[in-house]
Undergrad: 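My questions will all concern the structure given below.
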Amino acid sequence: MEKVSTIGLDVAKHVLQGVWRGRAGRGGYAPEVAREGVVAFFGSLPACLIGIEAWARSHHWDRVLIGLGHKIRLMPASYHM
């Protein structure tokens, strides 16, 4: 995978799924990550911007991912199509 600049993250109860875009403009789907593996997976990535739909659990992941050095943007669900 090329250097990731932006990730859109879908937070569910047991699995987190995302899409990514690299600096060269290419993108793709990030692998599904179980809740137990989130810190290891995102800790292995260089700092990037992560967009998360704002809801109750997203604030927990916000704090975790900021602690790993990432920038987080919480977005209301109304932004989704």
Side-chain angles (χ1 to χ4, degrees):
M1 183 172 9
E2 69 178 83
K3 185 167 175 142
V4 174
S5 63
T6 307
I7 296 176
L9 190 62
D10 182 22
V11 179
K13 283 186 179 181
H14 303 289
V15 177
L16 284 76
Q17 175 70 44
V19 294
W20 62 273
R21 176 158 309 273
R23 299 197 189 284
R26 289 187 299 240
Y29 291 98
E32 287 186 357
V33 180
R35 293 179 55 152
E36 299 80 24
V38 169
V39 173
F41 177 77
F42 284 98
S44 69
L45 294 177
C48 61
L49 175 64
I50 301 174
I52 304 173
E53 180 182 354
W55 68 291
R57 291 179 196 251
S58 60
H59 296 288
H60 165 73
W61 293 117
D62 178 8
R63 290 186 295 272
V64 169
L65 296 171
I66 286 174
L68 296 172
H70 298 286
K71 294 180 184 177
I72 307 299
R73 296 291 180 265
L74 295 177
M75 299 170 283
S78 61
Y79 283 15
H80 294 253
M81 293 185 182

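Computed from a prediction, not measured in an experiment: that's the story for all the values here.
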Undergrad: Taking the side chain as every heavy atom from C-beta outward, state whether F41 and P31 have any pair of such atoms under 4.5 Å apart.
TA: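 Yes - at least one pair of side-chain heavy atoms lies under 4.5 Å apart.
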Undergrad: What distance separates M75 CE from I52 CD1, expressed to the nearest 0.5 Å?
TA: 8.0 Å
Undergrad: Restricting to non-hydrogen atoms, name the atom on S5 and the atom on C48 that form the minimum distance, rounded to 0.1 Å.
TA: O-CB, 3.4 Å
Undergrad: Just how far is it from atom NZ of K71 to atom OG1 of T6, taken to the nearest 0.5 Å?
TA: 10.5 Å
Undergrad: Any chance you could pull the hydrophobic cluster mates of V19, using side-chain heavy atoms under 4.5 angstrom and chaining through other members?
TA: Y29
Undergrad: Ignoring hydrogens and geometry, is there a side-chain-to-backbone donor-acceptor pair from H70 to F42 under 3.5 Å?
TA: yes
Undergrad: Could you pull out all donor-acceptor pairs under 3.5 Å where a side-chain atom in residues 8-18 meets a protein atom, sequence neighbours excluded?
TA:
unit_1	atom_1	unit_2	atom_2	d
Q17	NE2	A30	O	2.7

Undergrad: Measure across L74 and A54 and return the closest heavy-atom pair with its distance rounded to 0.1 Å.
TA: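 Closest approach of L74 to A54, heavy atoms only: CB-CB, 4.0 Å.
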Undergrad: Which ILVMFWY residues are connected to L49, directly or by a chain of links, through side-chain heavy atoms under 4.5 Å apart?
TA: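 Answer for L49: none, a lone residue.
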Undergrad: Would you mind writing out the side-chain donor-acceptor pairs for residues 58-65 within the sub-3.5 Å range, not counting sequence neighbours?
TA:
unit_1	atom_1	unit_2	atom_2	d
S58	OG	E53	O	3.3
S58	OG	W55	N	2.8
S58	OG	W55	O	2.6
R63	NH1	H59	O	3.4

